[in-house]
Amino acid sequence: MFVSTTLITEKFLLYLYPKLENPNPVNLYKPELFSFSQFSQVIALLRFLVAADFLVLSTDLGLLSEMASVSSQPQFRYTQPPSKVLHLRNLPWECTEEELIELGKPFGKVVNTKCNVGANRNQAFIEFADLNQAIAMISYYASSSEPAQVRGKTVYLQYSNRQEIVNNKTAADVPGNVLLVTIEGADARLVSIDVLHLVFSAFGFVHKITTFEKTAGFQALVQFSDAETATSAKDALDGRSIPRYLLPEHMGPCTLRITYSGHSDLSVKFQSHRSRDYTNPYLPVAPSAVEGSGQAMVGLDGKRLETESNVLLASIENMQYAVTLDVLHMVFSAFGPVQKIAMFDKNGGLQALIQYPDTQTAVVAKEALEGHCIYDGGFCKLHISYSRHTDLSIKVNNDRSRDYTIPNTPNAQPSILGQQSVPMVGPPGQPYNGSQSGWGTGPPAVVQSMPMQMHNNVYMSSGSMPQQMAPGMQFPSHNSSQSTTTLPAYGSDRCQ
DNA sequence: AGCACA
């Protein structure tokens, strides 16, 4: 209740009574008797009570007496209790918030609005900062010869039956840099992520795209740099269909429904047929995106899990210095006996498969070595993933491949756990001196992921090529040396 | 022309 009942003295009611018939009692306000706030609120309250037959005005007694019911002339002009919120009806089509604010501004501060309400979308609410402002507006139009109008159309006002506007503004209404795109059409799910990328790239650099299946259908989240770019794409594409020439001929039309997403930065773990991160070319390709991969494992959280293996695939980035079989053997022997190594060139870079007797050792080695550099200065940076092999077939022992399990093999140096003291070899750089992140501190601050072509090697079964990236896929330049970390000295306490 | 929507 907005006014203490003790304020309604007999004197006050006697004063008010004749004025209640006046549709605009604000004009009759007598500051020497009551504050404006008290006056306005009580007027509105009394009107409501009278209209609702809770009070009956008695001229004889000059008093208001309480009554339960029965009114010969029920009044419906003031059937709502006063509220800061006004209900407007008979509004013109697609009335805007600006028009509502314009209408309410003369009476006070409009703090909230809601338009396009109701089945015909021709109702609205406006909420004032103060109850008296709402009262002032209702009072004014109750007595005015000119009705309230929007675009020349009469609108009808009354107090809302709610005390505040609750804006169900969902994320879909709040502009953001990420768009939620629903692709409608019988063949919606056949729309490739590359086509979506192409369509949305017309409006600016697309950072990331994820696609997924929901009850709403086939949907995608498209991330732009900023809300302005996203808005331009939304305005241009919402309700439009994907150009036919971008789709296979047999496909039906695919219409885009676009809202804003609540997200601001999508989390893309892999480049795959479902998600892309165009800002990070070194994001690994999800095995699920690799044809013929039957190893897709899904964790409890629904994310993909890497399939562990006793064989590691190492690719060497920024190979300024020769990395020999012996160097690799030394590096990887620090974590356990290395059974076999096979080296090969791939896409102008060097890769190697390193086989341990068990998966646990490989896991430890991978965790320790991933992202580290064999040589100081960011040279020969290792990127390690699990191979799908479990036992390498080494045909011949030479400077590129070796089976250390075969006894009496020259240069074969089976390592055992604990045999750790291996001096730094190779031409340049200084051995790790402990000033940078050591074993104990875990992986480097920024661990670059493996290049996406790394799955593609001669040791893998046919049909294991990674999915081709889309033509026109663009990557911002990156500084590969900024995140390199020198490989610490081998044989630290981590490896016991 | 008469009170939002998950």
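Protein chains get the first letters and strands the later ones, always in sequence-line order, with residue 1 at the start of each. Only heavy atoms go into these numbers, but all of them, side chains included; no hydrogens, no water, no symmetry mates.
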| said: Tell me the interatomic distance from A:Asn167, atom CG, to B:dA6, atom P, rounded to whole angstroms. | reply: 14 Å

| said: Please report the distance, rounded to the nearest Å, between CD1 in A:Ile138 and C1' in B:dG2. | reply: 13 Å

| Closest nucleotide of DNA chain B for A:Asn122 versus for A:Val117: which of these residues is on the 5' side? | A:Asn122

| Atom-to-atom span, CG of A:Leu88 to C1' of B:dG2 - whole angstrom | 12 Å

| query | Expressed in angstrom and rounded to an integer, what is the separation of A:Ile165 atom CD1 from B:dC5 atom P? | reply | 13 Å

| task | Can you see which heavy atom on A:Leu190 is nearest to which on A:His250, and at what distance? | result | CD1-CE1, 4.5 Å

| At under 4.0 Å, does any side-chain N or O of A:Asn168 touch on OP1 or OP2 of B:dC5? | no

| Is there a donor in the side chain of A:Ser309 and an acceptor in the side chain of A:His389, or the other way round, less than 3.5 Å apart? | no

| task | For A:Arg89 and for A:Asn116, locate the closest nucleotide of DNA chain B by heavy-atom distance; then report the residue assigned to the nucleotide nearer the 5' terminus. | result | A:Arg89

| Short N-O contact, A:Arg121 and A:Glu94, less than 4.0 angstrom | yes

| query | Which pairs, with at least one residue in residues 107-120 of chain A and sequence neighbours excluded, count as a side chain to side chain donor-acceptor pair (under 3.5 Å)? | reply | A:Glu97-A:Thr113, A:Asn112-A:Asn167

| said: Please tell me if A:Arg162 has a side-chain N or O lying less than 4.0 Å from either OP1 or OP2 of B:dA4. | reply: yes

| Donor-acceptor pair under 3.5 Å, A:Gln123 side chain vs B:dG2 base | no

| query | A:Val155 near the nucleic acid: base, sugar-phosphate alone, or nothing, with a heavy-atom cut-off under 4.0 Å? | reply | nothing

| note | Here the distance between atom P of B:dG2 and atom CG of A:Leu91, to the nearest Å, is 11 Å

| Residues in ring pair (Phe, Tyr, Trp, His ring centres under 6.0 Å) with A:Phe107, at least two apart? | A:Tyr140, A:Tyr141

| query | Are A:Tyr156 and the base of B:dG2 stacked, counting only ring centres nearer than 5.5 Å and planes tilted under 30°? | reply | no

| task | Using whole Å, report how far CG of A:Asn161 lies from P of B:dG2. | result | 14 Å

| query | Side chain of A:Lys114: nearest nucleotide among B:dA1, B:dA4, B:dC3? | reply | B:dA4

| said: Please classify the nucleic acid contact of A:Glu164 as base, sugar-phosphate, or nothing, using heavy-atom distances under 4.0 Å. | reply: base

| note | Here the distance between atom C1' of B:dA4 and atom CG of A:Leu86, to the nearest Å, is 15 Å

| query | What integer distance in Å separates A:Glu97:CD from B:dA4:P? | reply | 19 Å

